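Data block below; observations after.
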Amino acid sequence: MYGANVETAADRKAPAPVEDPALLAEFQARIDRGESIEPKDWMPARYRRQLVRMMSQHAHSEIVGMLPEGNWITRAPNLRRKMALIAKVQDEAGHGHYIYCGTETLGVSRDELVDDLLAGRAKYSQIFNYPTLTWADIGVIGWFVDGAAIVNQTVLAKASYGPYARAMIRICKEENFHKRQGFEICAVLSQGTDAQREMLQDAVNRWWWPSLMMFGPSDTDSPNSRDLLAWRIKRFTNDELRQRFVNLTVPQAQAIGVRLPDPDLRYDADTQNWVFGEIDWAEFWAVVNGNGPCNRERLAARNKAHADGAWVRQAATAYAAKRAGAPRDGGSTAAA
Amino acid sequence: MDAPAAPADSQWPLWEVFTQEAQGAPHEHAGSVHAVDAEQALQNARDVFGRRGKVISLWVVPTEAIVASAPSDAGPFFDPGAEKAYRHPYFYKVPKGIRVY
């Protein structure tokens, strides 16, 4: 899974700090030489801020992404599918964890990030604000959503910030299982009864366009792209990655006989690209800004899970304090 | 009797995780976890970094216990090693045609 890399109004308004030109030039030279930037290295405040924004949105997306799929664990059609789905959802928790830890190396605490998510101040990928209505949705999510994530994350694995790139390498290795299990579900349904094939086609129809939106706004509407590219936080533009995903996915759809819901989709022999129709950006912004089908439900579920888990965190803290012989109300880090 | 005050809800201390992926291989830094104590840090590290069965050994170390060299001092700090060419085999001349290794 991955985060949509969306800027909020507050991000855009934040003043650009004045940096030492010599340090800035040396920093850019390091990036241009292909070096990794590590947590204790000097970095421009804006580089740090952009990374915290991107990485925390990515981590939140992994965690919120557990909800639509978790919805089908109890109703998976057989034990094999259920085991795979549990493992996948557990992986998403792990992925969120890798990236939260990576973000912490930039000087923010996971608590702050989680608070931002629970309070509704943080963004996460818009894709997780759509409902999973049928079992076919689980297949299509693995195929499209994880497929899109792999396209994006394979590139992020060469991002300039070391801890982010290393987390991406770890995640990419695991994500391939996600995509294959999803595509397998779709391939099996495509060989099934009429009802199963209709269910698959319906899921494809609902998830195709939101999956294309996962790559974020078009380059013409992505004001920070230039800096992000120069600093190698991004290596390709949103539109380039979206095109790569479409080119990979069209033949897969043809192979299992499903239609992608785009009357304008056609192959361009000159560019060797599958040209696709206009994306409904009004829908994208509506979902990003809190008005998708499931935004409120997702936040409520995260808040409930956090509140319901409070006693576990407190019990573990109290147990550690007791074993360490510290006073019972020892609080947070004293328990170590 | 009053119930003891509930401990503060915190994210717990940070631990750095090192994994060994094969017998005889070095332990390498894999990432970090939050945990209340060493035992829980090991369990969390297993759940986060050992889900695929590749890991055969884990170390967890309190993050605050790690002392690292500063990037800004890297030049002078490592300089003494760089200027001692006589520590490298190519510093020494050997008659042609003789295998030394």
Side-chain angles (χ1 to χ4, degrees), chain A residues 23 30 37-43 87-88 90-91 93-105 109-115 162-163 166-167 170 173-174 177 306-307 309-324 326-336, chain B residues 1-22 27-55 58 60-75 77-78:
Chain A
L23 285 173
R30 289 191 61 196
I37 306 302
E38 295 297 334
K40 293 170 86 182
D41 294 350
W42 184 87
M43 62 186 85
K88 179 178 190 299
Q90 190 192 23
D91 273 355
H95 296 177
H97 190 93
Y98 300 153
I99 310 169
Y100 279 131
C101 283
T103 318
E104 283 185 299
T105 64
S109 77
R110 192 178 64 186
D111 270 0
E112 293 170 62
L113 300 174
V114 170
D115 279 350
R166 290 192 287 272
R170 203 170 276 284
K173 282 185 194 162
E174 302 182 350
F177 135 60
H306 192 73
W311 73 269
V312 178
R313 297 188 294 276
Q314 288 172 356
T317 305
Y319 177 68
K322 189 175 156 194
R323 293 225 304 181
R328 193 62 195 272
D329 60 352
S332 52
T333 53
Chain B
M1 194 173 74
D2 287 343
D9 191 3
S10 94
Q11 64 174 357
W12 302 330
L14 198 58
W15 303 71
E16 299 302 316
V17 178
F18 298 81
T19 57
Q20 186 188 32
E21 294 204 341
H27 283 71
E28 287 186 351
H29 184 240
S32 49
V33 292
H34 289 276
V36 281
D37 58 17
E39 184 187 349
Q40 194 193 37
L42 267 182
Q43 289 168 350
N44 289 354
R46 176 202 58 196
D47 291 347
V48 174
F49 296 102
R51 282 195 306 284
R52 291 292 190 283
K54 254 194 157 178
V55 174
L58 276 174
V60 290
V61 182
T63 301
E64 60 187 16
I66 291 185
V67 182
S69 62
S72 52
D73 297 340
F77 190 70
F78 295 109

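Note that the structure is a prediction, hence the values are computed from the model and not measured. Throughout, protein chains are lettered first and strands after them, A, B, ... in sequence-line order, and every chain is numbered starting at 1.
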Proximity breakdown for A:Ser109 and chain B, heavy-atom pairs closer than 4.5 Å:
both
Is A:Lys88 close to A:Phe177 at the side-chain level, that is, under 4.5 Å between some pair of heavy atoms?
yes
Under 4.5 Å from a heavy atom of chain B, the part of A:Glu104 involved
side chain
Heavy-atom proximity to chain A below 4.5 Å, by part of B:Ala30:
both
Is there a donor-acceptor contact under 3.5 Å linking the side chains of A:Tyr319 and B:Glu39?
no
Assign the ring pair A:His97 / B:Phe49 to parallel, tilted or perpendicular, where the plane angle (0 to 90°) is split at 30° and 60°.
perpendicular
Given A:Arg110, A:Glu38, A:Lys40, the one with more heavy-atom pairs under 4.5 angstrom with chain B than any other is A:Arg110
Using modelled atom types and a 3.5 Å cut-off, is there a donor and acceptor pairing between side-chain atoms of B:Arg46 and backbone atoms of B:Leu42?
no
Interchain contact, A:Tyr100 with chain B, by part (heavy-atom threshold 4.5 Å):
neither
Counting heavy-atom pairs under 4.5 angstrom with chain B, the leader among A:Cys101, A:Pro163, A:Ala167 is A:Cys101
Is it the side chain or the backbone of B:Ala41 that comes within 4.5 Å of chain A heavy atoms, both, or neither?
neither
Please classify the contact between A:Arg170 and chain B as side chain, backbone, both or neither, with a heavy-atom cut-off of under 4.5 Å.
side chain
Residue pair B:Glu64 / B:Trp15, side-chain heavy-atom distance below 4.5 Å
no
Do B:His34 and B:Val36 come close enough that some side-chain heavy atom pair is under 4.5 Å?
no
